Amino acid sequence: MKLNYKLYPFQNPNPNQQSIGDMIILHGLFGSLKNWVTVAKFLSEFGNVYTLDARNHGDSPHSDEHSIPLMSQDLEEFILQNHIKSPLLLGHSMGGLVGMYFDLTHPGILKKLIIQDISPRSYPFAYDNEINSMSFPLDGFSSRNQIDSEMAKFVPDTFIRQFLQMSLERNENGLYRWKLNVTGLNHARRVFDDVFDLNQTSEAKVLFLLGGNSEYIKNTDFDIMDRMFPNNQKITIQGGGHYIHFTHQEEYLKILKNWLDKN
């Protein structure tokens, strides 16, 4: 599968600073590379940055199959096709699961990982409201506000609706459509089940960047992180949730810079 991507070339304002190498950013479920423009531009001061659309997301191809192993395979193909050597990978949520799975099954390829607000374990598919909010027919809607009002019946949270609507587009005939493969994702309800072999370990250097108020991280996750990725550092942004790259952007970028400068 040939994934859609955007390259942010290395352009550090300091001519004496060398590139740390290539970086790859993987978004989360229902997201796209459009969610990572600010972070990618910031990281391009350290090296080349590739932001990817996962299968069934953004402008990447749709497929009836959607799983962490398949997305790991897509990542491998992307790295080979673009002749990328020893990249650093930043993965959020689903993207973090893909990155960790790839590292564990392809040891030595990734130089470092930054994993945002997710742990290497199984997660339930708890997104019925989001799926329902994107499953009603869009015929007859003439504005995004009308669609938003209908979506609010399923997803009251304005932030989440706005996040989902970044994948809503209008074609040349004025008709709205979802760029997401909503049906395909709805059928992939075991995408986060039984992905990891807890006996596997990685030698990669890993930063787990977590939201202090996140529902995705439990206290028991820290032992799992340490067992599977023993060379890790955990940093928690207090008061942050699952989308700390957006809601706590200034602190988030500062943490990335400090970690990259030291590692």
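Keep in mind that what you see is a predicted model, and the values were worked out from it rather than measured. If you read the sequence from its start, that first residue is 1, and numbering goes on from there. Reckoned from all heavy atoms, side chains included, excluding hydrogens, waters and symmetry mates.
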> Does Lys6 use its side chain to pair, donor to acceptor, with the backbone of Leu52 at less than 3.5 Å?
Replying inline: no
> Which heavy atom in Asn173 sits nearest to a heavy atom in Asn171, and how many Å separate them?
Replying inline: N-OD1, 2.9 Å
>> side chain to side chain contact (heavy atoms under 4.5 Å, CB included) for Lys2 and Gln81? Distances and angles first, verdict last.
In response: CA-CA 9 Å; Lys2 195 171 181 64; Gln81 289 165 358; 4.2 Å; yes
>> Tell me if a side-chain donor or acceptor on His248 pairs with a main-chain N or O of Ile244 at a distance below 3.5 Å.
In response: no
> To the nearest 0.5 Å, how far apart are CG in Asn129 and CD1 in Ile160?
Replying inline: 11.0 Å
> Linking I/L/V/M/F/W/Y whenever their side-chain heavy atoms sit closer than 4.5 Å, directly or via other members, would Ile118 and Leu88 fall into one cluster?
Replying inline: no
> Are Val191 and Ile131 connected, step by step, through hydrophobic side chains (Ile, Leu, Val, Met, Phe, Trp, Tyr) whose heavy atoms are closer than 4.5 Å?
Replying inline: yes
> Would you say Ser122's side chain and Asp194's backbone share a donor-acceptor pair under 3.5 angstrom?
Replying inline: yes
>> With heavy-atom distances below 4.5 Å as the criterion, would you say the side chains of Asn4 and Leu33 are in contact?
In response: yes
>> Tell me the closest heavy-atom pair linking Gln18 and Phe10, and the distance in Å.
In response: C-CZ, 3.9 Å
> Strictly by modelled atom types, are Glu76 and Ser72 linked by a side-chain donor-acceptor pair under 3.5 Å?
Replying inline: no
> Transitively linked via ILVMFWY side-chain contacts under 4.5 Å: Leu110 with Leu256?
Replying inline: no
> Does Tyr252 have Lys254 sitting over its ring (NZ/CZ under 6.0 Å from centre, angle to axis within 45°)?
Replying inline: no
>> Parallel, tilted or perpendicular, judged at 30° and 60°: which one describes the rings of Phe78 and Tyr50?
In response: perpendicular
> Are the side chain of Thr236 and the backbone of Gln238 linked by a donor-acceptor contact shorter than 3.5 Å?
Replying inline: no
Could you list the donor-acceptor pairs under 3.5 angstrom formed by side chains in residues 207-217, with sequence neighbours left out?
unit_1: Ser214; atom_1: OG; unit_2: Asp117; atom_2: OD1; d: 3.2
unit_1: Ser214; atom_1: OG; unit_2: Asp117; atom_2: OD2; d: 2.4
unit_1: Ser214; atom_1: OG; unit_2: Tyr216; atom_2: N; d: 3.0
unit_1: Tyr216; atom_1: OH; unit_2: Tyr127; atom_2: OH; d: 3.0

>> Let me confirm one number: the NE2-CD1 distance from His245 to Ile114, rounded to the nearest 0.5 Å.
In response: 13.5 Å
> Going through the checks in order, is the side-chain hydrogen bond (donor to acceptor under 3.5 Å, both in side chains) test met by Arg55 and Ser60?
Replying inline: CA-CA 5 Å; Arg55 61 169 58 208; Ser60 284; over 6 Å; no
> Can Phe42 and Lys257 be said to form a side chain to side chain contact (heavy atoms under 4.5 Å, CB included), step by step?
Replying inline: CA-CA 9 Å; Phe42 174 81; Lys257 182 181 188 307; 3.8 Å; yes
> Could you go step by step and tell me if Ile79 and Asn82 meet the side chain to side chain contact (heavy atoms under 4.5 Å, CB included) rule?
Replying inline: CA-CA 5 Å; Ile79 290 173; Asn82 291 277; over 6 Å; no
>> Between Asn35 and Ser32 (side chain of the first, backbone of the second, donor and acceptor by atom type, cut-off under 3.5 Å), is there such a pair?
In response: yes
>> With a 3.5 Å distance limit and no angle check, can you tell me whether Asp103 reaches the backbone of Gly99 through a side-chain donor-acceptor pair?
In response: no
>> Using 0.5 Å steps for rounding, measure from the CG atom of Asp197 to the CD atom of Gln200.
In response: 4.5 Å
>> Under 6.0 Å between ring centres: does that hold for His27 and Trp36?
In response: no
> Any side-chain donor paired with an acceptor under 3.5 Å for His57 and Ser167?
Replying inline: no
> Is it true that atom CD of Glu203 has more than 12 heavy atoms of other residues, nucleotides or ligands lying nearer than 6.0 Å?
Replying inline: no
> Same cluster or not: are Trp259 and Val206 linked, directly or through other Ile, Leu, Val, Met, Phe, Trp or Tyr residues, by side-chain heavy atoms under 4.5 angstrom apart?
Replying inline: no
> So do the side chains of Phe229 and Lys205 get within less than 4.5 Å of each other, counting heavy atoms only?
Replying inline: no
>> Please report the interatomic distance CD1(Ile235) to CD(Glu251), rounded to the nearest 0.5 Å.
In response: 9.5 Å
> Say you draw a straight line from NZ of Lys153 to OG of Ser133; how long is it, rounded to the nearest 0.5 Å?
Replying inline: 12.5 Å
> So, for Pro230 and Ser202, which heavy atoms are closest and what is the spacing to 0.1 Å?
Replying inline: CD-O, 3.4 Å
>> Before we go on, tell me: are the rings of Phe246 and Phe159 under 6.0 Å apart, centre to centre?
In response: yes
>> Do Met23 and Leu90 have side chains that approach each other closer than 4.5 Å (heavy atoms only, starting at C-beta)?
In response: no
> Going by the side chain to side chain donor-acceptor pair (under 3.5 Å) test, which pairs reach into residues 217-231, not counting sequence neighbours?
Replying inline: Ser119-Asp221, Arg121-Asp221, Asp226-Asn232, Asp226-Lys234
> According to the side chain to side chain donor-acceptor pair (under 3.5 Å) rule, which pairs have a member within residues 176-188, sequence neighbours left out?
Replying inline: Asn56-Asn181, Asp59-Lys179, Glu169-Arg177, Arg170-Tyr176, Asn186-Arg189
>> Parallel, tilted or perpendicular, judged at 30° and 60°: which one describes the rings of Tyr101 and Phe196?
In response: perpendicular
> How close do Gln17 and Phe46 get, heavy atom to heavy atom, and via which atoms?
Replying inline: NE2-CD2, 3.9 Å
> With no hydrogens and no angle check, is any side-chain donor or acceptor of Arg190 less than 3.5 Å from a backbone partner on Ser67?
Replying inline: no
> Do Tyr243 and His92 have their ring centres less than 6.0 Å from each other?
Replying inline: yes
>> How about CG on Asp64, more than 12 heavy atoms from neighbouring residues, nucleotides or ligands closer than 6.0 Å, or not?
In response: no
> Is a donor on one side and an acceptor on the other found under 3.5 Å between the side chain of Lys111 and the backbone of Ile20?
Replying inline: yes
> Any side-chain heavy atom of Ile224 sitting closer than 4.5 Å to one from Phe222?
Replying inline: no
>> Does Thr51 form a side chain to side chain contact (heavy atoms under 4.5 Å, CB included) with Val39? I'd like the steps, not just the answer.
In response: CA-CA 10 Å; Thr51 54; Val39 175; over 6 Å; no
> For the atom pair CE (Met1) and CG (Leu70), what is the distance rounded to the nearest 0.5 Å?
Replying inline: 8.5 Å
> Can you name the nearest heavy-atom pair linking Met225 to Pro120, along with the distance?
Replying inline: CG-CD, 4.1 Å
> Are the side chain of Asp22 and the backbone of Ile84 linked by a donor-acceptor contact shorter than 3.5 Å?
Replying inline: no
> Are Met166 and Val155 co-members of a hydrophobic cluster defined by side-chain heavy atoms under 4.5 Å apart?
Replying inline: no
> Can you name the closest pair of heavy atoms from Phe125 and Leu185 and give their distance?
Replying inline: CZ-O, 3.6 Å
